[in-house]
Structure formats: structure tokens, C-alpha cells
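First comes the structure, then the notes that go with it.
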Amino acid sequence: MANVEETMKRIESHKGVIGTIVVNAEDIPIRTTLDNSTTAKYARLLRNFTILARSTVRDVDPQNDLTFVRIRSKKHEIMIAPENNNLLIVIQSPCE
Amino acid sequence: MEITHVYAKLRSEFGRQCLFSDRPEEVMVDIHPEPSLASQFILKTRKDQGLQACRDMSEHQVNTERFESNSCGMNHVEGGWPKDINPKDVEQTIRFRKKVEKEENYINCLQHLGSVMEHCIKQNNAIDIYQQYFEEDEELEESSELPSAKTINILRDPNEVKRTITSLSWHPDGGRKLAAAYCNLGFQKNPKDMSLDSYIWEIGGSYGRFNHRGMVLWWDVRKLSEPTERLVLDPGREGNLDRALGAISLEFEPTMPTKFMVGTEQGLVVSCNRKAKTAAEKIVCTYDGHHGPIYALQRNPFFPKNFLTVGDWTARIWSEDIKESSIMWTKYQMSYLMDACWSPVRPSVFFTVKMEGVLDIWDILFKQSDPSLSVKVSDKALYSLRVQDNGQLVACGSQNGEATLLEICSGLSTLQKNEKSLAAAMFERETKREKILEARQREIRLKERSRSEQSREDEAGREDGEDNLEQLIARAENDFYSLVEAEMRRRERREETPQENDVCDEREVQNGVENGKTGDETGNTDLS
């Protein structure tokens, strides 16, 4: 439990990180540093996105699996780490 | 009642045709209807019946209960909370969350994800991986063609006895004519019937000839009877003929009429001033760089301060200001370089010819370690080289009197964008580097001198110095021979390598002469 806290704190303190969200298998945001409505939006949208991404990867090659998703937009970058249907989402703005 | 009719026939009458005859009818039997029997008659009802040979089946119809369905959209706001938890109740949601956070699975999972994510975050922070490179130079006109040279023509010595072409020169305007000077470079090998002619070749085949004794001295064109001036090339500047150096090549830049440079047999380049009064002042400075005679010496047509020399097995580029060493040089080639010249169109391109008959085209802005293009022009040694003023035609003269004309591809003979500034920058850079090195050398020398002056073992030091000299020479010889032998052994081993990899390894460990070799050999053993 403490490890998890430590890890999350470390991630959140990195340069450029705007927010982090942890979503569990039932689409419930367990832990978040953003406000509720934004969290709910992100969780819902990115869950669908990840499912689509994973199915794409596995469709092309069944032996393959999704390990990481990065969405780079003009303003920032959304990084999603999926595992066991849990999702760790981090939004970081690039530092030049 | 039986109705029968019996007739008899004679046997002899069997088979006879039947003769029929009419006779009146006879009533045989007469049955009258009896009305009493009519009452006994039963009338049956008629019936139609269809018949088929199959199984009996029956048919039913049933209607199920109606099910109402409706399609509409739904807005999913919150995640899939379990039924018992009301999403609007903050307390309940918090409690649920806390419960999930305590799960073992969740903890492990998140730790792993955390490390993965951190890696990517750090990556993002370190470098902008979506950076647009080369935004400014959007249009890159790279010539994707490989450098090439095409042989156009080979002009052969029309005489029977083949002589070497020692020098070539293009006609200044138009560049259609090429003058070739022949002489026999073999020591005392002048056969009696060798002609002393030189030829002017016109590209197209025809030629004219005129006699002149190909010597390189200082001639005034108006007074061809004797040289106007002689200059004795003595490094000590004393005008001493005994110590004079033999001159091999001469460089004269028309824009700087007072200065000229001479390349000598001993590997020195002497820069001289024509206008100086005394012989001593005529020699301005010397540049020492080659181990052998300097066969070619030419200033860069775009940067007159830099000149190219060719001698022994290297080509060197010098800057006038740096007298200690050349600013750039090629690595030691496999055979002697006989001639070189700059390209008149591109400041960073120069050509060299070698003893093994190869013409090298070097582009120092593109690659400095190797020539950009190597063309094997002939099997005989190439002794001379000249580029035509348009930079596209090159003439090479070989040992057996053949002058080969090559056309260089446009990539190597057209001025590229920024080439002049890039070449200028490069020469500047190399000059600066040499200057810094020179300064450093001077510092070190000063320090050593001051140190040795302080020590009292001056005389002993001087004697040791002389002994050391001999020892040094002996040591140098030994080193040289051992290196040559090691190299030869390495060459033989490389030919046998596929079979003897393990043996090579052992030999490698024992043989501690060259450290560089282990690099090669490990490469080879990887193949096994």
C-alpha cells in the first residue's frame, strides 16, 4: 500500500505531469488527481480507446498484445499503461 | 343351370376349314325375373376414399406472448458501480475505492504500471521525440546518383617506343586541345631511336607535333635562348649549390605574381619571393611534410592561401600560415601518388593519380577518409593528371604513353550550394586546429627547455642524447620490422580464418604486439 503511494507520488512529481488517473476493471476511477467530471470523461473515453487499440493489435497478430499507448496532441501527451484490465493514465505536457 | 352344347366330329375331319353357315336362332335358356327376389336387394351408399402410403401427422398453430422492445441512446456518466453502491453517495464511493486499493492484485499491478509509465515520462522529459528535424532545409536537393567517371578517349603515343607522359596541359580557351609532354623516365634508358617529340592532341583524334626539350625552368616567352633567372633552392638560404635541393614541381599563381612555390625532391615545399633582391631573401619559408619528392603542388583556385601537395603515399593540404605541418592529409595509400590537381569548379574536390593506375577523386566536404570515387584507368602507372577548365574532363597520362580522357559525372563537377562557404569554414577550422596544436607544442617545448636548463646534468644529458639517438634508430627499425611481420602474418591468417578460428584466438592471446588486432579477431570469431 505504501509502495503504491510512493510510486504514484513519484510519478506525479515528474516534470510536466498534469494529472494521473487509475481506472480499474469496472471503469471506476480509483485514484485521480483531476476533478471528478474530467476524470470520469477521461476514464470512459480512454477505456474504449484502449479496448479498440488492443483488439487492433491482437487482430493483426494474435500472439501480440498491447503494452503501452501514447496519444500525442498539440497541447500535451496522454499515456496509458494497461494491465489486467486496469489502466494507469498520465497526462503530461511536453517540456521543450 | 349349365348351358352346354355338345357336338361330335370325325377325326378325319380335324383341321378342315370351318365352313360356317347361318341358321336361325334357337332359344337355349330363358330365365324370367322373379319379383320375390327383388326384396332381398340391398342398396349401398357410395363413398369416395383417397389412399396414400405415408405416416399420419397433425398440424398446430401457437402464438407466444408479445415482447415490447425500444431502441434509444444512453449517456454513461459514471463507471459501472456495483449495484449496491449509489454513485451519488460520496461516502459509499470512497469506501468502495478504499476497499479496492487494498487488494493485492491492484497493488502489484499498479507498481508494475508505475515503473513503465515513469520510463516514458522520463523519455518525454529528456527529448522531444516528436521533434521536427531539419525544418529549415525542407528542400534537400540531394543528387542520388553515385559519383562516376566515364572514359571518353584514350590517346596513344604514336611512336613505337612508349614513353611516359610526364605532364599534360589543356588549352586555356575552349579546352579542346591537350598538350602532352613525353619523356622517358627510366634511368638511362634512352634508346637511340626514341623521338623527342611532344604532341598536342585535339579531342577528336587529330594531332600536331612540335619539338621542344621538355625541361622545367624559368623562361621568358620572349627570350627562349636561355633562362632569365636561376634560383638555387637551398634551405639554408646561403645560395650554396652543394646543399641545393632538387626541384620537382613548380607552382605559380597568376594573381600573385611575386610569390611562387617549388616542391623539392626531399619533400620540402619552398615558398619564394621573386622580387627579393638577394638570393637569401628570395626563399621566404619552407614547409616540410612529405617523406619523398613532391610530385605536385597546386594552390586551390578558390582559396589561394591553401595549397595541395602530393608526394610519397599521401596528399596533403596546407595553409600558408601554418609552417609546421599540413592542415589536412589523406591516410597513407597503398601506392605512390604521382600527381594531383584541384577541380577548377569545386573548391572542395581534388584529383590524384597513383602508381597502380588509379585515379582518385576526393571530395573533402563529403568524405575525408577515402576518395569519393576511385577509377582504375589503366594497368600501367599514371604519371600525370590535368583537369579541363570546365571541371568535367580529366586527362591522365600513363607510363606507356596513353593519355586517357575521362568525363566526370555532374555531381562532382558542378558547384554545390554553400560549397564555397562550407569549404572556407573547413579550411579555417583546420588551420585553427593546427595553430592551436602548434601553440601547445611550443609551450611544451618551452617548459622542457626551462626544466632541462635548471638541471645540472646538461652535458651528460647531451651525450645520452646522442646515444639515445642511435638507440632510437635501432629501436625504430626493430619496431618497423616487427610491425611489418605482424601485418603479414595477420594477412595470411585472415585467408585461413574460416578453418582455424580457435587456433587464431590462442595465437592472439600469446601475440601481444598489436592491440588493435583483437578488435578484428573478435569480429571473426563471432562468425564461428
Side-chain angles (χ1 to χ4, degrees), chain A residues 1-18 20-32 36-37 39-45 47-48 67-70 72-74 76-96, chain B residues 70-138 140:
Chain A
M1 183 58 197
N3 277 344
V4 169
E5 271 303 315
E6 203 186 289
T7 311
M8 293 304 289
K9 281 246 160 8
R10 205 175 51 225
I11 288 182
E12 281 152 23
S13 62
H14 269 299
K15 193 160 104 166
V17 171
I18 299 178
T20 61
I21 307 173
V22 178
V23 185
N24 82 337
E26 288 133 15
D27 268 357
I28 303 172
I30 303 293
R31 213 196 130 91
T32 169
N36 229 351
S37 55
T39 305
K41 215 193 280 191
Y42 268 114
R44 172 176 44 107
L45 293 168
R47 162 65 72 190
N48 286 342
T67 49
F68 201 83
V69 178
R70 264 187 188 190
R72 178 62 168 231
S73 71
K74 266 203 294 209
H76 35 244
E77 174 158 338
I78 304 171
M79 293 179 274
I80 312 165
E83 176 163 339
N84 282 351
N85 283 334
N86 292 330
L87 289 183
L88 170 60
I89 301 169
V90 171
I91 303 152
Q92 187 188 19
S93 82
C95 18
E96 319 287 346
Chain B
N70 190 18
S71 58
C72 65
M74 190 157 96
N75 192 16
H76 191 194
V77 176
E78 280 275 346
W81 293 100
K83 262 188 169 161
D84 50 346
I85 294 177
N86 181 8
K88 301 254 168 41
D89 189 354
V90 183
E91 223 186 83
Q92 283 187 344
T93 52
I94 289 180
R95 217 185 313 149
F96 180 80
R97 284 197 175 112
K98 288 231 167 75
K99 188 173 65 148
V100 171
E101 277 178 357
K102 293 214 174 68
E103 280 168 22
E104 176 81 34
N105 185 21
Y106 172 85
I107 291 176
N108 286 341
C109 186
L110 209 58
Q111 278 185 326
H112 170 66
L113 288 181
S115 53
V116 169
M117 182 62 79
E118 243 195 297
H119 171 74
C120 288
I121 291 178
K122 283 184 189 159
Q123 248 182 12
N124 267 353
N125 282 340
I127 279 185
D128 180 14
I129 66 178
Y130 301 98
Q131 177 188 27
Q132 188 83 340
Y133 297 139
F134 306 120
E135 257 178 51
E136 319 87 37
D137 311 328
E138 278 301 336
L140 287 170

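A quick note: this is a predicted structure, and the numbers were derived from the prediction, not measured.
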Does any part of the side chain of [Y], heavy atoms only, come nearer than 4.5 Å to the side chain of [X], both counted from C-beta?
X        : Y        : answer
A:Val90  : B:Ile121 : yes
B:Tyr106 : A:Asn24  : no
B:Val116 : A:Glu83  : no
A:Ile80  : B:Met117 : no
A:Pro29  : B:Arg97  : yes
B:Glu101 : A:Val4   : no

Given a strict heavy-atom distance threshold of 4.5 Å, which part of A:Val17 is in contact with chain B: side chain, backbone, both, or neither? side chain
So which heavy atom on A:Leu87 is nearest to which on B:Leu113, and how close? C-CD1, 4.5 Å
Looking at every non-hydrogen atom in both residues, tell me the closest pair between B:Leu110 and A:Met8 and how far apart they are.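 Residues B:Leu110 and A:Met8, closest heavy atoms: CD2-SD, 4.0 Å.
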Keeping the roles fixed (side chain from A:Arg10, backbone from B:Gly114), state whether a donor-acceptor pair exists under 3.5 Å. no
In terms of heavy-atom proximity below 4.5 Å to chain A, should B:Asn105 be classed as side chain, backbone, both, or neither? side chain
Contacting region of B:Lys122 [heavy-atom separation from chain A under 4.5 Å]: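 Contact with chain A is through the side chain of B:Lys122 alone.
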